[in-house]
Amino acid sequence: MISIKKALFVFCMALGLSGSIANATAGLYTQAQCDALETKCQNGVPRACELLARHCP
């Protein structure tokens, strides 16, 4: 019979893995999105500049 510690460990590992996969895919921006952010940044939108620096190559 599986112990509570092992079951909890497996659950936490699965939760961490799914979180890291979701986080990695959420950070990918398309070229069109990056172009739109660049335009907004040039127009003086500071949040667009932050996102551009963080998510676009």
Side-chain angles (χ1 to χ4, degrees):
M1 189 168 170
I2 190 166
S3 70
I4 297 296
K5 285 183 182 180
K6 286 181 184 177
L8 187 58
F9 176 76
V10 170
F11 175 75
C12 289
M13 290 297 292
L15 188 62
L17 180 63
S18 66
S20 67
I21 291 172
N23 195 16
T25 58
L28 300 177
Y29 277 46
T30 64
Q31 186 61 42
Q33 290 170 319
C34 289
D35 291 343
L37 284 173
E38 186 174 3
T39 302
K40 288 180 182 180
C41 181
Q42 290 172 352
N43 290 334
V45 180
R47 179 69 177 146
C49 295
E50 293 174 18
L51 291 172
L52 182 66
R54 187 177 310 144
H55 296 288
C56 297

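Counting begins at 1 with the first residue of the sequence.
Side chain of Gln33 to backbone of Thr30: a donor-acceptor contact under 3.5 angstrom is found.
In this structure, the side-chain contact (heavy atoms from CB on, under 4.5 Å) partners of Cys49, at least two apart in sequence or on a different chain, are Cys41. Every residue was checked against the salt bridge (Lys or Arg N to Asp or Glu O under 4.0 Å) condition with Glu38, not counting sequence neighbours, and none meets it.
Sorted by first and then second residue, the salt bridge (charged side-chain N to carboxylate O under 4.0 Å, His left out) pairs with a member in residues 41-52 read Arg47-Glu50; sequence neighbours excluded.
If you take CG on Leu51 and OH on Tyr29, they are separated by 4.5 Å, rounding to the nearest 0.5 Å.
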